[in-house]
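Here the structure is laid out as structure tokens; the discussion comes afterwards.
Keep in mind it's a predicted model, so treat the numbers as computed, not measured. Residue numbers run from 1 in the order of the sequence given.
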Amino acid sequence: MNKKYCILGLYLILGVIAVPAQKNDNHRFELSKNMDIFNALIKDLDMFYVDTIHPEILIPDGIEMMLSKLDPYTNYMSEQDLGDFKFLVTGEYGGIGSVITQRNGKTYIVEPYEGMPAALAGLKAGDEILSIDDVLISEIKEPSEKLKGQPGTKVKLKYLRPGNTKPSTMEVTRKIIQVNPVTYYGVVGNNTGYIYLSGFTDQCSQEVKAAFLNLKAKNVSSVILDLRNNLGGSMEEAVQIVNFFVPKGKIVLTTKGKIRQADRTSRTTLDPLDAEIPLAILVNESSASASEIVCGAIQDMDRGILVGNRTFGKGLVQEAHELPYNTSLKLTTAKYYIPSGRCIQAIDYSHKAADGSVGAIPDSLTSVFYTEKGRPVRDGGGVTPDFKIEDQRRSSILYYLLVDYVVFDYVTEWVQKHPVIAPADQFVFPDADYDSFKAFAKEKDFKYNRQSEKALAALKEIVSLEGYSDDVSTEFNALEDKLRPNIDKELDENKDIIVRYISQEIAKRYYYQKGEILQTIKNDPALEKALEVLNDKELYQNTLTTPGNLSELQKK
């Protein structure tokens, strides 16, 4: 009897081992088979297709299509893409230090960086680049790459400034361009330090540290870290920034992936700069990845308050793997989990619909976790702030004014008439000038295609196919009249938000990115709420220590 059960048990064990082994064998076979098919397909196309194929285009397109079946963060990077990726990671590249854009077959300077060669040479936003090193811009495939190069080398530019009839020529000496991710820091309110961090590049934690210590030297009573529109970057730098405010030895995050090497636990390793100073972090829907590690860890440790809108929800970790011929594969290798144990990933890319679409995880399917002091928090869908601020939604007309460069071009003309303006934090766009902007916008004849018009056009097409056009033509005509854009009316109704963006663009022209930030935080509801809570010690402490009663506290 025992012998029979032993033999049965052995069969069961062997069966358990054999099933995964068989699955692995099938996986390896399918992988090998399909790679052989792909290689044979490319060879046959090259040999027999009626026209010459271009493998440098065809194959990368195929790779991108294949990777699109996974998630948007797994990407193939060509040699050129690697340069852009390095800039995102390090904040460094060799060039003239300027953002350019191409539109309507022309190339323009959009933003010269403060203190960099383009700005020092006198190039301004709105300048049209006509040639680079005597090569016409129309003959250059990638003008931005042509402007980059070894530090110390010169590049010759021919450009036309708006308002001038004759072009100018200059030589600009390239240098290492390093953009400081701490765009601005200073004192706001009565005595609160404010730091705006634009991205998590290498060594950004040292820039945050320097800014914080400078503010501490001014005896600030609290500090605000602004991570709005910060799309993330280095996970290690995020851990370092958390370490500035929490004790040594605290778990900031853990990562879990398919292979053991992807499983890691990241802890704070140093004594904090200040573990007591009241702290607020500003976030919005464009705060992602490393930004969410910082704000999520601070929330889970009850170390500071979060103010703004729910964050993006990117809880995935990427690594770059080298490929032949100076190419690379950036791929998702793990998910990360913040101190409470939650993963804030908003979209499950492993479960796509038949059409390839994916949806956000509904709140009903998320789980409750708890902070160190017992406050309830949820996984999935980003990090929800302690104090939610109604988002100032961009109007439809503002969107088109921005993407069609109407605001940009208007400001280019405006600055030519105004050699100097007030300091960035004091500048106010003259109310009388808004009429000139309205006239400029209407002259531009910008494309203003509202969603309601698109929906109506689609409905008319369906009605026509079903043969009801004659029956409802009167109703359609009446509805079209009501939906027809009244540009004057919409420019007046959206004046406040449009003026806000005009003011930010003007401040950036004179005071660079610092000026733009100073304009942005004027009359800023999220900043004002953060200051209110930081100045109310009872509200601040109760927010961080009262489980499950946040909604009542927020009403105070």
Minimum side-chain heavy-atom gap L231-K314 below 4.5 Å: no
Can you pull out every ring-ring contact (aromatic ring centres under 6.0 Å, His included) where at least one residue sits in residues 290-313? Sequence neighbours excluded, please. none
Check: E538 main-chain N/O paired with Q541 side-chain donor or acceptor under 3.5 Å: no
Atom SG in C295, atom CD1 in I305: separation rounded to 0.5 Å? 12.5 Å
Are more than 12 heavy atoms from other residues, nucleotides or ligands located less than 6.0 Å from atom NZ of K158? no
Stepwise side-chain hydrogen bond (donor to acceptor under 3.5 Å, both in side chains) test for Y405 and T101: CA-CA 11 Å; Y405 290 92; T101 188; 2.9 Å; yes
Do the rings of F429 and W414 sit parallel, tilted or perpendicular, given the 30° and 60° boundaries? tilted
Does the R342 side chain pair with the main chain of V377, one donor and one acceptor, at a distance under 3.5 Å? no
I'd like to know if the side chain of T311 reaches the main chain of V383, judged simply by a donor and an acceptor atom lying under 3.5 Å from each other, with no hydrogens or angles considered. yes
Consider only side-chain N and O atoms of Y196 and T520, and report whether a donor and an acceptor are under 3.5 Å apart. no
Does NZ belonging to K438 count more than 12 external heavy atoms closer than 6.0 Å? yes
Side chain to side chain contact (heavy atoms under 4.5 Å, CB included), that's the test. Do E111 and Q513 meet it? Break it down for me. CA-CA 9 Å; E111 178 186 354; Q513 292 182 345; 3.0 Å; yes
Side-chain touch I96/P112, heavy atoms, less than 4.5 angstrom: no
Which heavy atom in I100 sits nearest to a heavy atom in S144, and how many Å separate them? CD1-N, 3.6 Å
Locate the shortest heavy-atom distance separating P181 from E207; write the atom from each residue and the value. CD-CG, 4.2 Å
Can you name the closest pair of heavy atoms from V172 and A118 and give their distance? CG1-N, 4.3 Å
Beyond-backbone contact of L225 with V294, side-chain heavy atoms, under 4.5 angstrom: yes
Is the backbone of D302 close enough, under 3.5 Å, to the side chain of R375 for a donor and an acceptor to pair up by distance? no
To the nearest 0.5 Å, what is the distance between NZ on K175 and CG on L120? 7.0 Å
Please evaluate residues R378 and T384 with respect to the criterion side chain to side chain contact (heavy atoms under 4.5 Å, CB included), reporting the C-alpha separation (whole Å), side-chain torsions for both, the decisive distance (0.1 Å), and the verdict. CA-CA 8 Å; R378 286 189 172 272; T384 300; over 6 Å; no
Between N494 and L398, is any pair of side-chain heavy atoms under 4.5 Å apart? no
V307 side chain reached by V533 side chain, heavy atoms, under 4.5 Å: no
OH/Y184 to CG/D226 distance, rounded to the nearest 0.5 angstrom? 12.0 Å
What I'd like to find out is whether the side chain of I293 reaches to under 4.5 Å of the side chain of F200, using heavy atoms alone. no
Pairwise side-chain contact, I517 with Y194, heavy-atom cut-off 4.5 Å (strictly under): yes
Does D524 come within less than 4.0 Å of R228, counting only side-chain N to carboxylate O? yes
Extract all donor-acceptor atom pairs below 3.5 Å that involve side chains of residues 208-221 and protein atoms in other chains or at least two apart in sequence.
unit_1	atom_1	unit_2	atom_2	d
K216	NZ	D274	OD2	2.7
S221	OG	N191	O	3.1

Dump the intermediate steps for ring pair (Phe, Tyr, Trp, His ring centres under 6.0 Å) on F437 and F440, then the final yes or no. CA-CA 5 Å; F437 171 75; F440 182 89; 7.1 Å; no
Once rounded to the nearest 0.5 Å, what's the spacing between atom CZ of R500 and atom CD of Q519? 8.5 Å
Mark yes or no for whether Y410, through its side chain, and S436, through its backbone, hold a donor-acceptor pair below 3.5 Å. no
To the nearest 0.5 Å, tell me how far E114 CD sits from K508 NZ. 13.0 Å
Okay, side chain of D71, backbone of Y73: is any donor-acceptor separation there less than 3.5 Å? yes
Using every non-hydrogen atom in the two residues, find where I397 and I487 come nearest and quote the distance to one decimal. CD1-O, 4.4 Å
Kindly compute the distance separating SG (C204) from CG (N180), expressed to the nearest 0.5 Å. 9.5 Å
Any side-chain to backbone donor/acceptor pair from N535 onto L531? Under 3.5 Å, distance only. yes
Establish, yes or no, whether the cationic atom of R509 lies under 6.0 Å from the six-membered ring centre of F408 and within 45° of the ring axis. yes
Would the distance check show the side chain of Y434 and the main-chain N or O of L491 forming a donor-acceptor pair, the cut-off being under 3.5 Å? yes
Close side-chain approach of Y501 and L401, heavy atoms under 4.5 Å: no
Go through it in stages, so that I can follow the logic: the residues are E237 and T201, the test is side chain to side chain contact (heavy atoms under 4.5 Å, CB included), and I'd like the CA-CA distance, side-chain angles, deciding distance and then a yes or no. CA-CA 8 Å; E237 293 296 309; T201 55; over 6 Å; no
Can L157 and L123 be said to form a side chain to side chain contact (heavy atoms under 4.5 Å, CB included), step by step? CA-CA 10 Å; L157 298 179; L123 288 171; 3.7 Å; yes
Any donor-acceptor N/O pair, S287 side chain to L227 backbone, under 3.5 Å: yes
Short question: side chain of R103, backbone of D404 - any donor-acceptor pair under 3.5 Å? no
Cationic N near anionic O, under 4.0 Å, K444 to D409: yes
Kindly check if the number of other-residue, nucleotide or ligand heavy atoms within 6.0 Å of CG (N164) is above 12? yes
Name the residue from T107, I129, I137 that meets the side-chain contact (heavy atoms from CB on, under 4.5 Å) definition with Q102. T107
Minimal heavy-atom distance between A526 and L282, with the atoms involved, is O-CD2, 3.8 Å
G199 versus N230, closest heavy-atom pair with distance: N-ND2, 3.3 Å
